[in-house]
There are 2 protein chains.
Amino acid sequence: MPATIRDVARLAGVSPSTVSRALSMPGVVNPTTRARVMAAADSLGYAPNKAARGLITGRTGNIGLVVPDLANPFFPSVVKGVQARAGESDVAVFLADSDEDATAEIGLVRALAKQVDGMILCSPRSSDQELIGLAQETNVVLINRLVEGVPAVTFDNEEGMRLAIDHLVALGHRRIAWVGGPKASWSSKHRIIGLYSAAHDHGVELVPVGSFQPTYDGGMAAADQAVATRATAVVAYNDLVAIGLLSRLHARGISVPDDLSVVGIDDIAMSRMAHPALTTVRLPKQKAGRLAVELLLGLLDDPDPGSISLRGTLHGELMVRESTGVAPDPARP
Amino acid sequence: MPATIRDVARLAGVSPSTVSRALSMPGVVNPTTRARVMAAADSLGYAPNKAARGLITGRTGNIGLVVPDLANPFFPSVVKGVQARAGESDVAVFLADSDEDATAEIGLVRALAKQVDGMILCSPRSSDQELIGLAQETNVVLINRLVEGVPAVTFDNEEGMRLAIDHLVALGHRRIAWVGGPKASWSSKHRIIGLYSAAHDHGVELVPVGSFQPTYDGGMAAADQAVATRATAVVAYNDLVAIGLLSRLHARGISVPDDLSVVGIDDIAMSRMAHPALTTVRLPKQKAGRLAVELLLGLLDDPDPGSISLRGTLHGELMVRESTGVAPDPARP
DNA sequence: GTGAAAGCGCTAACAC
DNA sequence: GTGTTAGCGCTTTCAC
């Protein structure tokens with residue numbers, strides 16, 4: 001049985017309230033008593049029971065984190081960032097994987113909501129309406145999604161896509177294919193906007209190639225259509241798709257980057273390990289996790305939504321690797 | 001403010017205890033009252049406060065899970081398994097990432113211990129002594145580690161290595177290199193035992209090639225030494241190492257599997273996507289997570305350690321892919 | 001600066 | 001079968 005506040009009080013010869021104060025409001029207690037309490041506390045290995053404290057303060061010291069699929073390498077990075085930042089503030093993290101299911105997602109949030117001070121929803125699958133509803137019931141911070149009135153950490157997708165297009169245009173590409181991800185995805189929409197805007201500014205052509213699963217298999221499925229566009233470069237919805245593309249292109253004997261350049265988005269660990277190594281727009285995933293925790297913690301300390309920043313926007317960075325090269329000479333057969 | 005048990009009691013016209021009973025001991029309450037309570041409960045959207053319940057029952061309905069590094073693709077799979085099984089029993093999961101730090105690991109466990117019914121430690125970095133200590137203070141289930149008296153889920157490493165060796169021997173390989181992982185690792189020890197035993201039984205030679213980081217870079221670092229052994233096949237500590245190997249071999253112009261066969265262990269998602277696709281021993285990672293939860297739950301229901309099985313051993317499965325082929329003709333120059 | 005008392009939301013005896 | 005009482009470990013008035 002772990003030691004309780006009473007055990008400490010008895011050992012230190014003070015009342016439980018004094019122990020409580022010594023631990024959570026240092027300034028207000030006599031330094032001598034405080035020292036005695038501290039000594040007693042750690043001689044007993046005492047640590048306060050968060051649940052009991054939460055019952056009275058209304059703060060549990062825990063947060064919840066919901067991700068759509070841990071098997072997608074994007075998310076573990078975000079989780080790591082959340083963990084790291086939460087740990088620094090001595091906050092524990094409940095993790096839930098919704099398995100891409102919007103209904104499950106809402107359920108998980110509801111179930112967890114009672115035991116946490118707030119929740120971080122990463123790339124939520126739920127509708128704006130549902131998210132707004134949740135945000136009313138509990139403190140919510142979104143990652144990778146913008147919903148009216150809900151605090152969020154997002155990546156600047158428009159800018160990221162511009163980075164990719166600038167790079168390809170500089171290499172001489174004039175006809176660029178876009179292998180799209182899930183149609184409903186918030187990121188998808190914004191990436192497309194950035195892509196078209198950048199392509200327009202450069203006066204180059206952007207050829208959309210449908211909508212695919214944001215997975216390796218999605219990329220495999222898209223490859224032949226991408227080739228058929230006769231574009232000299234392809235931007236993929238994410239790295240997983242790009243790697244699937246690489247694989248199918250290799251199987252077809254199409255050389256990357258000699259025949260076709262490929263750019264991904266995310267910079268998951270696997271991208272560096274691909275053949276050829278994948279040029280991609282790195283998204284600061286861990287940082288997003290950290291920032292989300294910070295927003296959430298800020299929200300808790302000061303629930304007045306006006307006085308703190310509710311938004312964090314993170315910037316991508318182009319990682320040039322071997323999957324992109326100069327556009328093939330159009331004069332070639 | 002969420003509804004409390006009293007709100008429900010008032011609305012249903014019964015006492016709080018009746019509500020409590022109606023919810024957690026259905027059989028013991030009058031069906032009519034029960035119905036009334038249920039109606040009241042969900043009209044208020046009532047859900048019991050787990051923390052308050054835990055305070056009195058001593059059971060929180062939560063478990064903790066500590067992994068050494070979520071960025072290693074092995075672990076997210078285990079986490080998914082834990083999540084899935086825990087969810088089925090309506091148990092929430094605290095996740096902590098120790099960042100490969102044994103000290104942090106112990107700290108995380110201690111911090112979490114108060115708020116959970118038990119902990120699952122996946123591939124723990126701590127010493128046997130420390131783990132035994134923890135197991136005395138709280139319910140612990142280990143994954144990927146065997147310590148006297150502590151419940152655990154492990155993979156049959158010996159058998160897995162035999163699978164790999166059998167496969168290579170059947171392809172004609174007679175000299176096989178082993179690229180080892182961290183020396184202190186429990187898995188490492190058992191893999192080596194299996195490897196030598198299988199090699200001995202087949203009368204083939206096993207050549208150890210030092211000890212490397214269990215990462216892609218570790219594999220890159222090991223490749224040249226592996227080649228220098230003049231073995232015709234390499235078994236790597238894990239898939240990440242094997243993929244690093246593949247990469248460096250490719251850079252050196254050594255063809256896999258024509259010049260050298262490579263076998264990994266784990267079957268992480270990336271292995272299928274490698275070039276050539278990696279032959280590997282699949283470890284049922286999700287299953288390990290599920291099983292660990294089951295052992296833990298069993299432990300809670302029946303703390304008598306004698307009456308339930310404290311051990312689960314999972315079996316690997318050989319996935320033959322393109323990175324292995326027949327041994328090159330030794331007569332060749 | 002410190003102690004006593006009350007109570008957070010819930011369940012577990014114990015009566016009836 | 002149901003209500004009453006007490007109390008889990010903690011913090012927080014409110015006295016002193």
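Below, chain A is the first sequence line, B the second, and so on; all start at residue 1. Just so you know, these numbers use all the heavy atoms, side chains as well, and skip hydrogens, waters and symmetry mates.
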Whole-Å distance separating the [atom1] atom of [X] from the [atom2] atom of [N]:
{"X": "Ile5(A)", "N": "dC8(D)", "atom1": "CD1", "atom2": "P", "result": "13 Å"}
{"X": "Leu55(A)", "N": "dA6(C)", "atom1": "CG", "atom2": "P", "result": "18 Å"}
{"X": "Gln115(A)", "N": "dG9(C)", "atom1": "CD", "atom2": "P", "result": "15 Å"}
{"X": "Arg10(B)", "N": "dG3(D)", "atom1": "CZ", "atom2": "P", "result": "14 Å"}

Fill in: Integer angstrom distance from the C1' of dT5(D) to that of dA6(C)
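Pairwise C1' distance, dT5(D) against dA6(C), rounds to 16 Å.
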Practice prompt. May I have the step-by-step check of salt bridge (Lys or Arg N to Asp or Glu O under 4.0 Å) for Asp266(A) and Lys285(A), ending in yes or no?
Written response: CA-CA 8 Å; Asp266(A) 281 354; Lys285(A) 299 168 283 298; over 6 Å; no
Worksheet entry | Between Ser17(B) and Ser20(B), a side-chain donor and acceptor under 3.5 Å |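 Checked: Ser17(B)/Ser20(B) side chains show no N/O donor-acceptor pair below 3.5 Å.
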Item to complete: Would you check if there is a donor-acceptor pair between the side chains of Arg85(A) and Ser89(A) at a distance under 3.5 Å?
Response: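 Yes, side-chain donor-acceptor contact under 3.5 Å.
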Practice prompt. Report yes if a side-chain nitrogen or oxygen of Arg59(B) is closer than 4.0 Å to either non-bridging phosphate oxygen (OP1 or OP2) of dT11(C); otherwise report no.
Written response: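 Checking dT11(C) against Arg59(B), no side-chain N or O comes under 4.0 Å of OP1 or OP2.
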Item to complete: Taking only the side-chain nitrogens and oxygens of Thr4(B), find out if one of them lies under 4.0 Å from OP1 or OP2 of dG9(C).
Response: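 The answer is no; no side-chain N or O of Thr4(B) sits under 4.0 Å from OP1 or OP2.
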Discussion item. Would the distance check show the side chain of Asn139(B) and the main-chain N or O of Asp117(B) forming a donor-acceptor pair, the cut-off being under 3.5 Å?
Written reply: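 Yes, the answer is positive, given that a donor and an acceptor are paired below the 3.5 Å cut-off.
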Discussion item. So that I can tick it off, tell me whether Arg125(B) and Asp99(B) are bridged by a salt bridge, with the cut-off set at under 4.0 angstrom between side-chain N and carboxylate O.
Written reply: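 Salt bridge flag = no for Arg125(B) with Asp99(B).
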Worksheet item: Considering only side-chain heavy atoms of Thr57(A), which listed nucleotide, dG9(C), dT11(C), dT11(D), is closest?
Response: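 For Thr57(A), the side-chain atoms sit closest to dT11(D).
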Worksheet entry | Side chain of Ile56(A) - closest among dT4(D), dT11(D), dT11(C) |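 So the side chain of Ile56(A) is nearest to dT11(D).
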Discussion item. At a heavy-atom distance below 4.0 Å, what parts of residues 17-52 of chain A sit against DNA chain C?
Written reply: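 Result for residues 17-52 of chain A: Ser17(A), Thr18(A), Arg21(A), Val29(A), Asn30(A), Thr33(A), sorted by number.
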Worksheet entry | Test side chain to side chain contact (heavy atoms under 4.5 Å, CB included) applied to Leu297(B) and Val293(B), Leu299(B), Leu295(B), the passing residue |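 For Leu297(B), the side chain to side chain contact (heavy atoms under 4.5 Å, CB included) check succeeds only for Val293(B).
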